[in-house]
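Written below as structure tokens is the structure these notes are about.
Throughout, numbering of the chain's residues begins at 1 and tracks the sequence.
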Amino acid sequence: MSSAIDTKSVNSIRVLAADAIQKANSGHPGLPLGSAPMAYELWANHMNHNPKDPKWENRDRFILSGGHGSALLYSLLHFFGYGITIEDMKNFRQLGSKTPGHPEYGHTVGVEATTGPLGAGMAMAVGMAMAEKHLAATFNKENFPVVDHYTYVLGGDGCMMEGISYEAFSLAGTLGLEKLIVLYDSNNISIEGDTNIAFRENVRQRFESFGFHTQLVEDGNDLDAIGKAIEAAKAEKGRPSMIEIKTKIGAGCPAKEGKASAHGEPLGVENVAALRANLGIADNGPFVLDQDVYDHFAKLAEEKATVEDAWNALFADYCKTYPEMKELWDNYHNTDNAKCLYDLDEFWNSFDKPEATRNVSGKLLNIINNVVPNMFGGAADLAPSTKTNMKDAGDFSKENPLGKNIHFGIREIAMAAIGNGIALHGGLRPFVSTFFVFSDYVKPMARLSALMGVPLTYVLTHDSIGVGEDGPTHEPIEQLAMLRAMPNFYVYRPADATECAAAWYFATNKKDAPTALVLSRQNLPQLDGSSQEALKGGYILEDSTKDTPDAIIIATGSEVSLAVEAKKELAAENIDIRVVSMPCMDLFEDQPDEYKNAVLPKNVTARVGVEALSEFGWGKYIGINGEFVGMKSFGASAPGNQLFEHFGITKDAVVAAVKKTLN
């Protein structure tokens, strides 16, 4: 039964959020005021978490998908003792504060995911629940449920309208993710007004069709009813749960309750005062709240710590009973467990004939899977084409949670977000895959990967006009420039098997950024000069005989072999060329200036870039006097080799471009 201190605690959360937003003169009070009761009930009475150890492995995860309501999350973190101080609350939305406008993973302790784009948190929660299900199947033994936690995600009508939530929850229902619980803040208000203007579907029926267990709580202030619904959801087996909780946006503020204006603007000083009065919270000035509330939260936090204590004892017994599982656990959680690939001859030296880099990647992935046990990923219904199936690893499903190959279905944007969630959960090395042209669908969630610094690997195949007959809808042109433009996102376009191995090695060992492997459909020759130098992003593949080359050809992927052929022809005319392979511009930029200048000396201005994609972004390497051999338009439908001729991406074109730079 809820008590007076429970009610006072809920209302203190509301007031603190409103104070922070008012001081910043910026923010979204509607969600914090409406959702405070469900968030309090969850954090206080049902969710296993320990403020003293925010990264405890078996904690329940909580994601605020409606990230605009961040003041709610920061208030919870403040009261429960996660290190968010009153000064931090006063600095809400200010430069360098721990309380930015939307929650940022890695920036604020206790924030499990960076949210803001609506629906993204919903899909990341699905990824976390998938990770929990797979790890539980891998590690749990009878009487030793060492992986046993829930994923809770809270969002509103906006999250439900976004297509990503449809995609993600359809998969969640298919997979029977019983540890996933969705709290739906249902208030029928969005920025433009009543949701009836654009959103009249029965959301609960939609979730039922996905295969979810659903419940309705009519009164969003009824802590007892919310608590019973959460416990019923936790007791449900074989399917995820959604609890629709009817709330009022801006609840408790007489002038704003139930109105669209409560969504995204401060309440106003007078309305904050009225909120306090209406909720029975003493007005001793902004950010001043009663000590009994803090004492209550401190007691709750101490109780939470005992749950981890019990798990630690269980885990210690587990390790003694199953030492082989302890060794496996350590391997899964060792972020350096892929470094062994560097000295693995099979990984670097298994290819001597022309082969598509997508095929090479598939073989490398299986080598990796044999030595790095926590690989976990798949494709958006394209594994036979992207070569991302791990042999003998099984398919992850409701019936077989031990499987390591994920079938995401034709759901690219949700796939990327789910991959983020798996990476955020920890213990697994996730990868996702689709055709490179569909990185347009992937992009918003890839951006979140980069923002959060999560090591998610994107396998993106069919990388150019080499796709051929499928035509311009399936031939990427501008996508490489798009991905390269993202900060903290590494894009590898390898020229052969060795460079492909370098790309996978980098991706599986990078800890604080995502990596994209952009791979060919067509066969590419193995290049004599390629080496582990590809781990520097750019390197001299074939050098000139002169101390200062006459010109430099810089190329990536399938066009590197054109550069090599052009060098041979130019040598016959006494034009001495350096060929630089640039599989990863982002990584090349990370190298010391001394190295970059050695590869691309500033005194050599005769430069040609070669890439069967857009020229955008090449200027910093070829300069104002340089030439570019690549695409100026969209592609066409024809065999790939004909398209390279048609669009002038040939050895002869490279030779002509070099001569032009020398005139």
Side-chain angles (χ1 to χ4, degrees), residues 38 63 65-66 117-133 150-190 194-218 220 225-226 228-247 378-381 395-401 403 406-419 421-422 441 445:
M38 71 177 82
I63 303 94
S65 187
L118 292 179
M122 296 290 188
M124 286 189 280
V126 172
M128 292 182 189
M130 288 169 62
E132 192 277 343
K133 189 178 183 75
Y150 290 86
T151 301
Y152 299 95
V153 58
L154 190 160
D157 293 301
C159 288
M160 297 303 180
M161 290 187 213
E162 289 284 1
I164 189 173
S165 67
Y166 287 71
E167 293 183 14
F169 289 138
S170 176
L171 183 59
T174 299
L175 295 174
L177 302 179
E178 62 189 39
K179 297 287 187 66
L180 174 66
I181 299 176
V182 181
L183 302 178
Y184 171 24
D185 172 24
S186 176
N187 59 38
N188 300 108
I189 293 291
S190 60
D194 193 298
T195 53
N196 280 333
I197 61 175
F199 187 58
R200 298 188 182 187
E201 69 189 60
N202 187 315
V203 177
R204 284 201 315 283
Q205 287 184 359
R206 189 221 301 178
F207 273 80
E208 288 169 6
S209 73
F210 289 154
F212 274 63
H213 170 246
T214 67
Q215 299 175 79
L216 172 64
V217 175
E218 293 279 7
I226 294 169
K228 290 177 181 177
I230 293 171
E231 287 304 311
K234 291 173 72 173
E236 188 67 25
K237 302 302 179 186
R239 54 181 176 165
S241 290
M242 187 276 276
I243 306 170
E244 180 177 4
I245 302 173
K246 302 299 290 185
T247 64
D381 197 52
D395 294 336
F396 179 75
S397 66
K398 180 178 181 178
E399 297 75 20
N400 181 32
I406 303 172
H407 297 280
F408 288 101
I410 307 165
R411 304 180 176 104
E412 290 88 355
I413 187 171
M415 173 185 70
I418 289 167
I422 295 168
Y441 286 151
M445 298 304 109

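- From Lys246, atom NZ reaches atom CG of Asn188 across 4.0 Å, with rounding to the nearest 0.5 Å.
- For the pair Thr151 and Val153, the minimum side-chain heavy-atom distance is 4.5 Å or more.
- Within the 4.5 Å cutoff, the side chain of Asp157 has heavy atoms near those of the Tyr184 side chain.
- A pairwise comparison of heavy atoms in Ala125 and Ile63 identifies CB-CD1, 3.9 Å as the closest pair.
- The residue from Leu216, Val182, Ile181, Leu154 that alone fulfils the side chain to side chain contact (heavy atoms under 4.5 Å, CB included) condition with Ile243 is Ile181.
- In plain terms, the two heavy atoms of Met415 and Ala379 that are nearest each other are SD-C, 3.9 Å.
- In this structure, the separation between CG on Leu180 and CE on Met122 is 9.5 Å, given to the nearest 0.5 Å.
- Here the closest heavy-atom approach between residue Phe396 and residue Met130 is recorded as CZ-O, 3.8 Å.
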- [ ] Using the side-chain contact (heavy atoms from CB on, under 4.5 Å) rule, take Leu118 and Met161 through it: C-alpha gap first, then chi angles, then the decisive distance, then the call.
- [x] CA-CA 9 Å; Leu118 292 179; Met161 290 187 213; over 6 Å; no

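- Ile406 is not listed as a side-chain neighbour of Ile418, based on a closest heavy-atom distance of 4.5 Å or more.
- Here the closest non-hydrogen pair linking Ala414 and Ala168 is CB-N, 3.8 Å.
- Side-chain N or O atoms of Glu412 include none that pairs as donor or acceptor with a backbone N or O of Tyr441 at under 3.5 Å.
- Looking at Tyr166 and Arg206, their side chains come closer than 4.5 Å, going by heavy atoms from C-beta outward.
- To the nearest 0.5 Å, the span separating CE on Met128 from NZ on Lys179 amounts to 15.5 Å.
- Side-chain atoms of Lys237 do not come within 3.5 Å of backbone N or O of Glu178 as any donor-acceptor pair.
- The structure places CG of Leu175 at 11.5 Å from CG of Asn400, a figure rounded to the nearest 0.5 Å.
- Counting all heavy atoms, side chain and backbone alike, Gly119 lies closest to Cys159 at N-SG, 3.5 Å.
- The aromatic rings of Phe207 and Phe169 lie tilted to each other, with the angle between the two planes from 30° to 60°.
- Minimum heavy-atom separation, Ala416 to Met445: CB-CB, 3.5 Å.
- For the atom pair OG (Ser65) and CE (Met124), the distance works out to 7.0 Å, reported to the nearest 0.5 Å.
- Of the residues Glu244, Gln205, Glu208, the one that meets the side chain to side chain contact (heavy atoms under 4.5 Å, CB included) test with Thr214 is Glu208.
- Between Asp381 atom CG and Arg411 atom CZ the span is 9.5 Å, to the nearest 0.5 Å.
- A salt bridge is defined here as a Lys NZ or Arg NE, NH1 or NH2 lying under 4.0 Å from an Asp or Glu carboxylate O, and Glu231 with Lys234 meets this definition.
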- [ ] In sequence, state the C-alpha distance, the side-chain angles, and the governing distance for Met38 and Val217, and then conclude on side-chain contact (heavy atoms from CB on, under 4.5 Å).
- [x] CA-CA 10 Å; Met38 71 177 82; Val217 175; over 6 Å; no

